[in-house]
2 protein chains.
Amino acid sequence: MSPATVSNAYNRPDQLSAELREQIFDTARRLGYAGPDAMARGLRRRRAGAIGVLYEDRLSYAFADPAAVLFLQGVSMATEDAGLGLLLLSGAPGAERDPEAVRGSVVDGFVVYSMSDGDPLVEAALERRLPAVVVDQPRIAGLPFIGIEDRESARSVAEHLIALGHRRFGVVSFAGSPDLFSGIADTARQEAAAYEVTRSRLRGYRSALEAAGVRWEDVPVYEHHESTTEAGRAAAEALLSRGPRPTTILCLSDQLALGAMEAVRSMGLSVPKDISVVGFDDVPEAARATPPLTTVRQPHVEKGALAGRILLARIREEDLPEPKLLPTRLVVRGSTAPPGDRF
Amino acid sequence: MSPATVSNAYNRPDQLSAELREQIFDTARRLGYAGPDAMARGLRRRRAGAIGVLYEDRLSYAFADPAAVLFLQGVSMATEDAGLGLLLLSGAPGAERDPEAVRGSVVDGFVVYSMSDGDPLVEAALERRLPAVVVDQPRIAGLPFIGIEDRESARSVAEHLIALGHRRFGVVSFAGSPDLFSGIADTARQEAAAYEVTRSRLRGYRSALEAAGVRWEDVPVYEHHESTTEAGRAAAEALLSRGPRPTTILCLSDQLALGAMEAVRSMGLSVPKDISVVGFDDVPEAARATPPLTTVRQPHVEKGALAGRILLARIREEDLPEPKLLPTRLVVRGSTAPPGDRF
DNA sequence: ACGTTTTACTTAATCGTTTCAGTAACGTAT
DNA sequence: ATACGTTACTGAAACGATTAAGTAAAACGT
């Protein structure tokens, strides 16, 4: 029995008689043959049947981050339609990033999701010369990019607060660099950030505030290496205990903002009467919070779906129009109000 | 230059002189060689560097289900520690389940997460004779099983309501079979369920109620093929509009229960004063709801982590003690109270 | 009956590695 | 000077499929 015939039995039933096919399956069962080996088949056919998603942090953290989950949901919609699997790859936090998993991962292409400039994992992925798309960051010449106008979006939310009359600001930022730093980030550190998104949003705030005559140097930026409610809480507590106390806190993510609201409350103050709080992302939790959070909506699911579709097109060597930036929108809810006058 | 030497340059630096190694890397760069091909390497080494997770429904639905996300978080903790990727595989809803992706997926083992009896995807995975573990369902002889005491846990929450004095019950169930049925499920359908978990939990309710003298045939069970808040809402509305109106609604998941609470409120009734509602899972949202939801806690993350660890042990051919069922606990919160007497 | 197409298989090359078993060349102990 | 152990590399056989090309037999048209 030639291997070619066995292969045909599994892959091209029309190439052989039905009886021989049955006979082959019978003997396969008897011999404990489990059907064509996925890896050997992939090697010969030059396709892996899966796309890889690179995530900055631990996956366990991705699953705890609503924005990441929504994004993955979008990507999965695209891969599922194509009958592909979704391979999640991630880096350990901190420095010990081991690109081996990326080098050895059996995929047809990569989605790079929000990683830092010069990340070894990204470099390992690019070296493989597979089709790839980048989402949010880093910007890499020659690769399709899916993202939003971070700078403009951040500016719009800051302008909203300016319009309400606020002049004393505090900012809570997620990581600017993958060095696990937490604390007040001076302008030098802000500008040196390895995360494009962090840089852009801070610049957006800055331009809005400076346009209103607020000196950026006087605005404390508390950077926390995580983007969780706990981080937001800690950061906001730090900002609120320094003088002069800000009347509003700008947060780079909703998770941080939700934590900041907790901090405000735990200090006996009220949102938005005493302190206004804004976020960024418009995750579902933002609307459900009390008070509901003023934030910037960005289309997480669509971002994932678009990234998936563009990657698939690249893999199939179709060419899709170069993606443009996705739309965002300022969503004003109950967490912002004119500054109280009790200070 | 022999291929063996190139291979050694990448895999065993000690096998060749440092200068030749450098020279090889140089030429590799010049020729655009991206390093050892992942698939060929996997074929030769007999390892894929990833484990597959089989999910019943669309992945986009998995990412929307807090319990599934927590579970995946647990699995990812185990795979990450081992430097493996996590390959997510899923079925389309309804009948058109195409096992091709499962057959062709390049993985070292499978986690079967809460699938129906006789699912073609599960069968395809088992045919591959790779290491596998099953979580929640289906029970398959010879495979390690990770789950909880569904029947006993369901019984305990029903007993809690009995103890409060309730005698008129309504039940909201998620899918009993993968046929997309929604509506009142009679006992015949309940017993014929292809989902072990559905069967067990309903039996648990039943035994508690019958022990208190409530005829199970009089308890309407509304089955919805999805386990979402919308489904719970629709199901509860149906239950509350039939006579005699139940004083409490037992839900097979927290998502359903959260929806049921919405339904109660939208009918101008109050939880728990008019209607008590209970869930199952204790997802984070349950504690945050108003009123906070009485439910059964099960350790989703641990379940995932344990499944991952056991699968890894199987892959490495270590033998780990056969896993026992994980503990659950009745968590009484504000959504349950003695029945109101206004009916 | 003869040439031609179809059917049903088989042969052999290929995908890109890894790895075992060599084999020279060289330094070292006796 | 002989034997022996290292070091640095190469040859060739897997790993387990797919697939283009080839072949023998059967079916077909005239």
Side-chain angles (χ1 to χ4, degrees), chain A residues 1-50 83 99-109 124-125 127-131 315 317, chain B residues 1-50 99-109 124 127-131 315 317:
Chain A
M1 175 78 47
S2 94
T5 309
V6 178
S7 171
N8 282 332
Y10 283 95
N11 299 307
R12 301 197 270 189
D14 54 311
Q15 295 291 305
L16 72 174
S17 63
E19 50 187 326
L20 179 56
R21 190 166 127 97
E22 272 316 309
Q23 189 189 321
I24 287 175
F25 288 158
D26 276 358
T27 21
R29 213 162 298 131
R30 195 150 38 71
L31 268 52
Y33 173 75
D37 178 89
M39 201 118 52
R41 162 191 287 223
L43 173 60
R44 184 62 232 238
R45 289 206 172 152
R46 314 254 48 167
R47 60 186 298 278
E100 262 324 294
V102 173
R103 293 225 172 80
S105 64
V106 181
V107 295
D108 295 315
E127 275 170 15
R128 297 208 25 199
R129 306 182 179 230
L130 291 171
I315 289 171
E317 294 181 333
Chain B
M1 174 77 46
S2 98
T5 310
V6 179
S7 171
N8 283 332
Y10 283 95
N11 300 308
R12 299 197 270 188
D14 53 310
Q15 295 292 304
L16 72 175
S17 63
E19 50 188 328
L20 179 56
R21 191 167 127 98
E22 272 317 307
Q23 190 190 320
I24 287 176
F25 288 158
D26 275 359
T27 21
R29 215 164 295 132
R30 195 152 37 72
L31 268 51
Y33 173 76
D37 178 87
M39 201 117 52
R41 162 191 288 223
L43 174 59
R44 183 61 231 235
R45 289 203 171 155
R46 315 255 48 171
R47 61 186 299 279
E100 263 324 295
V102 173
R103 293 225 172 79
S105 63
V106 182
V107 296
D108 295 317
E127 276 170 16
R128 296 204 31 196
R129 305 181 180 232
L130 292 171
I315 289 170
E317 294 182 332

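Convention: sequence-line order gives letters A, B, ...; per-chain numbering from 1. Quick caveat: nothing in here was measured; it's all calculated off a predicted structure.
A 6.0 Å sphere centred on CZ of A:R47 holds no more than 12 heavy atoms belonging to other residues, nucleotides or ligands. Heavy-atom contacts from other residues, nucleotides or ligands closer than 6.0 Å to CD of A:E100 number more than 12.
As a whole-Å value, the separation of B:R44 CZ from C:dT19 P is 6 Å. Nucleotide D:dT7 holds its C1' atom 13 Å from the CG atom of B:N8, rounded to whole Å. As a whole-Å value, the separation of B:R46 CZ from C:dT17 P is 17 Å. The distance between atom CG of A:D37 and atom P of C:dT17, rounded to the nearest whole Å, is 17 Å. The CE atom of A:M39 sits 11 Å away from the P atom of D:dA17 (whole-angstrom rounding). Whole-Å rounding puts the B:Y33 OH to C:dC15 P distance at 14 Å. Rounded to whole Å, atom C1' of D:dG16 lies 15 Å from atom CG of A:L31. Rounded to whole Å, atom P of C:dG16 lies 17 Å from atom CG of B:N11.
Comparing B:S2 and A:A40, the nucleotide of DNA chain D nearest to each residue sits closer to the 5' end for B:S2.
The side chain of B:S7 approaches C:dT18 more closely than any other nucleotide in the set C:dT18, C:dT10, D:dC15. With D:dA17, C:dA12, C:dG16 as the choices, the nucleotide that has an atom nearest any side-chain atom of A:R41 turns out to be D:dA17. Nearest nucleotide to the B:R45 side chain, out of C:dT18, C:dT17, D:dT19: C:dT18.
Looking at heavy-atom distances under 4.0 Å, B:G35 makes contact with sugar-phosphate atoms alone, never a base.
Residues from residues 12-24 of chain A lying near DNA chain C, meaning a heavy-atom separation below 4.0 Å, are A:L16, A:S17, A:L20 in numerical order.
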Practice item. Report the C-alpha distance between B:R46 and A:D37 in whole Å, list the side-chain angles of each, state the deciding distance to 0.1 Å, and finish with yes or no for side chain to side chain contact (heavy atoms under 4.5 Å, CB included). Key: CA-CA 10 Å; B:R46 315 255 48 171; A:D37 178 89; 3.3 Å; yes
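Nearest heavy atoms, B:A40 versus A:L43: CB-CD1, 3.8 Å. The minimum heavy-atom distance linking A:A28 with A:Y10 is given by the pair CB-OH, 3.6 Å. For A:I24 against A:A9, the heavy-atom pair with the smallest separation is CD1-CB, 3.8 Å.
A sub-4.0 Å separation between OP1 or OP2 of C:dT10 and a side-chain N or O of A:T5 is present.
No side-chain heavy atom of B:E127 sits less than 4.5 Å from a side-chain heavy atom of B:V102. At a threshold of 4.5 Å between non-hydrogen side-chain atoms, the residues B:L16 and B:Q23 do not count as touching.
Between the side chain of A:R103 and the main chain of B:A38, no donor-acceptor pair closer than 3.5 Å is present.
Rounded to 10°, the helix from C:dA1-D:dT30 to C:dT30-D:dA1 has 40° between the axis fitted to its first five pairs and the one fitted to its last five.
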